[in-house]
Each structure stands twice: as structure tokens, then as C-alpha cells.
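See below for the structure under consideration.
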Amino acid sequence: MAEATPIRPQPADTIETWHYEADVVVAGYGIAGVSAAIEAARAGADVLVLERTSGWGGAAALAGGFIYLGGGTPLQQALGFEDSPANMKAFMMAALGPGADEEKVTDYCEGSVEHYNWLVDNGVPFKESFYGQPGWETPFDDGLMYSGGENAAPFNTIATPAPRGHVPQMADKRTGEKGGGYMLMKPLVETAEELGVRAEYDMRVQRLIVDGDGRVVGIIAKQYGKEIAVRARTGVVLATGSFAYNKEMVQNYAPRLIGKPGASIEEHDGRAIRMAQALGADLAHMDATEVAFFGDPQLMVRGILVNGRGQRYVNEDTYPGRIGQETLLRNENQAYLIIDEDAYEEGCAGDSSTPFFRFQPKWVAETVEELESEMGLPAGTLVSTVEVYNRHAENGEDPVLGKKSEWCKPIGSPIAALDLRNFTAGFTLGGLRTTLNSEVLHVSGEPIPGLFAAGRCTSGVCAGGYASGTSLGDGSFYGRRAGVAAAKG
């Protein structure tokens with residue numbers, strides 16, 4: 001949706017009344033915002049958070065709660081998994097590209113163990129329990145699982161597999177409503193409050209305020225229809241989320257997501273990005289998207305996914321987000337799950353955080369030829385696909401796409417197909433280009449004085465691919481950096 005109000009920066013000398021003042025003003029009270037607030041306060045700054053909604057949390061509080069961490073965290077070590085910053089970097093550079101920022105990925109990997117300890121020290125609970133079943137997330141309160149396809153082809157040949165999806169412990173989860181993300185945000189907000197961080201709610205940021213030297217010195221916001229001027233004595237931190245719900249920006253930058261916003265919240269309207277752009281801020285990877293796939297992993301690993309030509313296109317035991325990207329971005333959003341009756345029943349009996357993705361088959365037949373015909377696929381396409389798959393699956397192998405042997409079983413009869421066409425949704429990954437200290441960069445390559453940003457309004461460690469936990473991971477990691485830098489001014 002296009003902005004109805006101006007985004008051009010407002011000169012400070014036109015401000016008649018400063019309604020609020022603080023050293024550091026943070027826009028957004030999600031994971032990046034709360035992390036920035038904590039570190040700015042610890043650096044001695046007076047901190048004020050402006051939150052658009054009536055409470056803290058943002059998209060983070062509704063998320064599954066993965067924080068992508070590794071390099072040998074205490075939780076990884078306690079559960080017997082070996083990892084190192086170099087191994088973590090090898091995976092991230094392969095999985096999160098093309099075009100992943102090597103400097104930022106290296107920085108993130110080297111600081112990952114310290115960041116885990118910071119979260120624990122601030123009250124975030126992690127249970128020493130590993131969840132090893134296929135799934136979008138653990139349906140229980142386990143603290144660690146694979147969340148990016150690290151143990152699946154092709155990445156298991158590039159880096160030693162290590163689970164890095166760290167999940168805050170929480171019981172009675174409700175996927176998409178109240179997940180582990182809530183137990184990530186709650187202790188962090190409590191820490192911020194204990195440090196004296198103030199928050200003003202129902203504040204919709206409108207534009208930045210700059211002084212005569214071009215330095216950002218505040219924000220104009222709107223609260224209950226009234227314009228509010230907020231002065232920032234040392235720095236402004238933008239942490240208001242992605243542009244997934246800005247129709248115009250999605251059309252311009254990430255058109256594959258038109259009509260498919262998901263795993264995001266409506267407040268992710270790109271406003272902070274546009275505000276900074278009005279100052280000449282540079283952008284990066286605006287076409288990059290995470291893509292959720294509405295299929296249950298317990299079923300997908302037991303069958304084969306084929307496209308509209310009846311051909312396999314991805315190993316079914318990989319990260320579901322990778323399956324989503326392959327489906328939407330490279331296979332015209334066409335997907336069918338081919339599975340036999342025994343495998344379907346076995347998958348439906350498994351644990352799942354997404355049982356609502358267990359759909360009934362649309363077509364059922366005794367033979368592959370009959371199924372192919374009923375589905376309307378070109379003659380011989382599905383038959384040859386299943387024949388090749390079954391021939392190698394007899395030996396527990398998948399030389400075509402590299403599915404792990406434990407999931408390679410011949411497809412028998414009766415055979416069915418689940419219609420998963422157009423079953424994708426996603427959110428945007430691109431945004432403001434920032435330094436390792438979360439300074440927003442001008443198109444000239446120089447930092448914009450007084451302006452910092454973190455979270456999904458920036459281009460973080462993901463440039464193309466995605467792993468669950470990288471948003472909350474780099475949002476909190478670089479949110480901390482933003483808070484420290486903004487406090488220094």
C-alpha cells in the first residue's frame with residue numbers, strides 16, 4: 001500500500017515542540033528493537049522505544065522462536081554436536097546466497113557463541129533437548145533442531161551437519177499465535193524495563209528529523225491522529241520489520257510474493273525503509289524472499305515432490321523453506337506430493353507442529369500410469385520419475401537429488417497425489433544496507449550520521465536463501481550493535 005503521508009525528512013529547525021526526548025530513540029519493539037534498547041541502556045543511554053501497536057512483541061512474539069546460532073554454543077555441546085565458526089560460515093555462505101555478505105556472515109558466526117550466552121544471561125530459557133524429527137519446528141519444548149537443511153543435500157557435503165535452530169523453551173505452543181518467539185521476547189522486554197527503557201505505544205513513525213548538517217536527530221510519529229515530534233540526542237534506531245505488507249514495494253522489488261504475504265505481520269509495511277531512502281539510504285537484496293511451503297514435512301520426506309511436468313525438483317528431506325523457494329521461484333509454484341498409502345498413514349501418525357498441513361490426497365490410483373493420467377500429466381513423465389526413484393530407492397539411494405537413505409523407500413500401491421499447487425507464502429529479506437555496527441549506509445557508501453537499523457528492515461545475513469532463525473538471529477545480534485552505536489552517537 002502506498003504511503004498516504006509524506007516521508008521526506010523534516011528539518012529540525014521547523015520543530016516547535018519536542019513532545020518526547022531521549023538519547024536513543026528506537027522505532028519498533030520486536031526482537032531488533034528490544035535488543036537495541038537493552039544495549040543502549042547498558043551503555044548509559046536514556047532510551048525510548050516507539051511501538052506502532054498497543055504492546056511489545058512484533059512478528060518475533062508470534063514466531064516459532066528459532067534463533068540461528070552455532071559455532072559451538074553450550075547447548076550444542078551439551079547435546080553432543082560439534083560445530084565451529086568456520087563450519088557454520090561454510091554452511092551459511094552456501095545456503096543463504098547467492099550474494100551473501102561474507103563480512104557480515106563471518107562476523108555473525110564468530111560472535112554466535114557470545115550471543116547465545118547474552119540471550120541466556122538476559123533470561124531466555126533453552127532446554128537441553130534435541131528434536132530430530134522432520135518438521136517446520138518442534139511441537140514440544142525442545143531447545144535445538146535442524147532449521148536450514150544442514151543435514152540434507154547439498155549442504156551436508158559442504159559443511160559438517162550441525163543443528164543451529166535454538167528454540168526458547170515454552171509449553172502449550174500455538175503455531176502462528178504464541179510460539180517460542182514469545183518466550184524470546186518476554187524476558188528481553190523485562191530486562192529492558194529493569195534497565196529503565198521507556199516505551200510509547202500506538203506510535204506510527206512517519207519521517208525522520210534532520211539538523212542542518214544532515215544528521216538524524218529525531219522522528220515524527222503519529223499517535224491517535226496527532227503528530228508527535230521525538231528528539232534523539234545521540235541516535236535513532238529503525239527496527240520496524242520488512243516490507244512484506246507494502247503492496248507497492250512488493251510489486252516493485254519482489255513480485256513473486258504478490259498476493260502471498262505470510263510469516264509476517266501487517267505492520268511490516270516498509271515504512272522505515274522508505275523513510276531512510278528519503279535520506280539517500282542504500283538498499284540490498286530487495287528481491288530476496290523467504291518462502292513457506294504448506295506441506296507437512298513428515299509426509300514430504302516419505303514421498304516425492306514433482307512439478308507440473310511430473311519431474312522431481314528438490315530433495316524432500318531438506319528444509320521446508322528451501323522446498324518453498326524451489327517451488328515458487330523455480331517451478332512456477334507447481335507441486336504435487338506423490339506418496340503410497342503406507343507412507344501416508346505413517347507420516348500422519350508422526351509428531352507435527354503443522355498437522356493442518358496434512359491434506360487429503362486429491363487423486364488415488366492402483367498404478368502410477370493411472371495416477372499420471374488422472375492428474376493430467378504428460379504421458380510417461382510421472383511413470384519414468386517414479387521408476388527411476390524406485391530403482392535407486394531399493395538400495396536406499398537417491399543419486400538424482402541426494403535424499404538421505406533413511407527416507408529412500410520405493411513407492412508402492414495404492415498410490416496417491418496431494419495437490420500442493422500454489423501452496424506457498426513468504427516474506428521479504430531485503431532492506432537497508434548497514435555496516436557491522438548497524439550504521440545505515442548512504443548510496444555514497446558513507447554512514448548516515450545518527451541513523452542505525454537492524455532486523456528485517458535491513459539486509460542481514462540472508463541474501464537469497466534462508467534458514468529458520470536467521471531473522472531473529474541477526475535481528476537480535478545487530479540490534480545489539482545498533483544500540484551500542486546509537487548510544488555513542
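Excluded from the calculations below are hydrogen atoms, water molecules and symmetry mates; all remaining heavy atoms, backbone and side chain alike, are included. The model shown is predicted, which means the values in this text are computed figures rather than measured ones. Residue indices begin at 1 and follow the sequence shown.
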Exercise. Any pair with a residue in residues 69-83 that passes salt bridge (charged side-chain N to carboxylate O under 4.0 Å, His left out), sequence neighbours left out, goes on the list, sorted by first then second residue, please.
Key: Asp83-Arg164
Exercise. Mind running side-chain contact (heavy atoms from CB on, under 4.5 Å) on Leu119 and Leu184 for me, showing each step along the way?
Key: CA-CA 8 Å; Leu119 291 168; Leu184 171 63; 4.0 Å; yes
Neighbour count above 12 (heavy atom, 6.0 Å) for [X] [atom1]:
X      : atom1 : result
Gln251 : CD    : yes
Glu128 : CD    : no
Glu190 : CD    : yes
Arg204 : CZ    : no
Lys186 : NZ    : no

Practice problem: Would you check if the distance from the ring center of Phe126 to the ring center of Tyr116 is below 6.0 Å? | Solution: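 Ring centres of Tyr116 and Phe126 closer than 6.0 Å.
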Quiz prompt | Within the 6.0 Å centroid threshold, strictly below: His268 and Phe427 | solution = no
Once rounded to the nearest 0.5 Å, what's the spacing between atom [atom1] of [X] and atom [atom2] of [Y]?
X      : Y      : atom1 : atom2 : value
Thr470 : Leu69  : OG1   : CG    : 11.0 Å
Ser438 : Leu432 : OG    : CG    : 11.0 Å
Glu267 : Ser242 : CD    : OG    : 11.0 Å
Cys457 : Arg274 : SG    : CZ    : 14.0 Å
Asp23  : Thr234 : CG    : OG1   : 5.0 Å
Ile219 : Ile228 : CD1   : CD1   : 13.0 Å

Could you pull out the closest heavy-atom pair between [X] and [Y], with the gap in Å?
X      : Y      : answer
Val34  : Ile31  : CG1-O, 3.4 Å
Ala37  : Val197 : O-CG2, 3.7 Å
Pro85  : Cys109 : O-CB, 3.7 Å
Ala485 : Phe452 : CB-CE2, 3.5 Å
Ala254 : Thr428 : CB-CG2, 4.3 Å
Arg231 : Val25  : O-CG2, 3.6 Å

Without swapping roles, check the side chain of [X] against the backbone of [Y] for a donor-acceptor pair under 3.5 Å.
X      : Y      : value
Asn246 : Glu248 : yes
Ser112 : Gly70  : yes
Gln169 : Gly143 : no
Gln77  : Gly72  : yes
Thr240 : Gly28  : no
Thr435 : Asn437 : yes
Ser352 : Thr354 : yes
Arg456 : Leu429 : yes
Arg233 : Glu21  : no
Glu103 : Leu436 : no

Under a 4.5 Å cut-off applied to non-hydrogen side-chain atoms, are [X] and [Y] in contact?
X      : Y      : result
Tyr68  : Met88  : yes
Val291 : Thr327 : no
Asn156 : Glu150 : no
Val167 : Glu137 : no
Thr318 : Glu326 : no
Leu451 : Leu238 : yes
Met300 : Pro134 : no
Gln76  : His166 : yes

Exercise. Check the pair Arg271 / Ile7 against side-chain contact (heavy atoms from CB on, under 4.5 Å), numbers first and verdict last.
Key: CA-CA 8 Å; Arg271 185 78 190 187; Ile7 59 171; 3.2 Å; yes
Quiz item: Does the side chain of Asp101 pick up a donor-acceptor pair with the side chain of Tyr108 at under 3.5 Å?
Solution: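 No, because no side-chain N or O of Asp101 sits under 3.5 Å from a partner of the opposite role on Tyr108.
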Quiz item: Can you find a side-chain donor-acceptor pair between Ser471 and Tyr466 that sits under 3.5 Å?
Solution: yes
Quiz item: Of the options Asp474, Thr434, Thr458, which is the one that meets Lys104 in a side-chain hydrogen bond (donor to acceptor under 3.5 Å, both in side chains)?
Solution: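 Of the listed residues Asp474, Thr434, Thr458, the side-chain hydrogen bond (donor to acceptor under 3.5 Å, both in side chains) partner of Lys104 is Thr434.
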Practice problem: With side-chain contact (heavy atoms from CB on, under 4.5 Å) as the test, would you mind laying out the steps for Phe130 and Asp142 before giving the verdict? | Solution: CA-CA 6 Å; Phe130 171 69; Asp142 306 284; over 6 Å; no
Self-check item: Residues which pass side chain to side chain donor-acceptor pair (under 3.5 Å) with Thr106, listed by chain and number, not counting sequence neighbours
Solution: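 Testing Thr106 for side chain to side chain donor-acceptor pair (under 3.5 Å), a comparison that skips the adjacent residues, returns Lys89.
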Exercise. Using a strict 4.0 Å threshold on nitrogen-to-oxygen distance, state whether Asp269 and Arg52 make a salt bridge.
Key: yes
Quiz item: Between Arg198 and Asp46, is there a salt bridge with N-O shorter than 4.0 Å?
Solution: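 Salt bridge: yes.
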Exercise. Carefully, step by step, assess Tyr319 and Phe155 under the rule ring pair (Phe, Tyr, Trp, His ring centres under 6.0 Å).
Key: CA-CA 11 Å; Tyr319 168 54; Phe155 307 119; 9.5 Å; no
Exercise. Take Met286 and Met249 through the test side-chain contact (heavy atoms from CB on, under 4.5 Å) and record every step on the way to the result.
Key: CA-CA 9 Å; Met286 294 293 282; Met249 291 180 74; 4.0 Å; yes
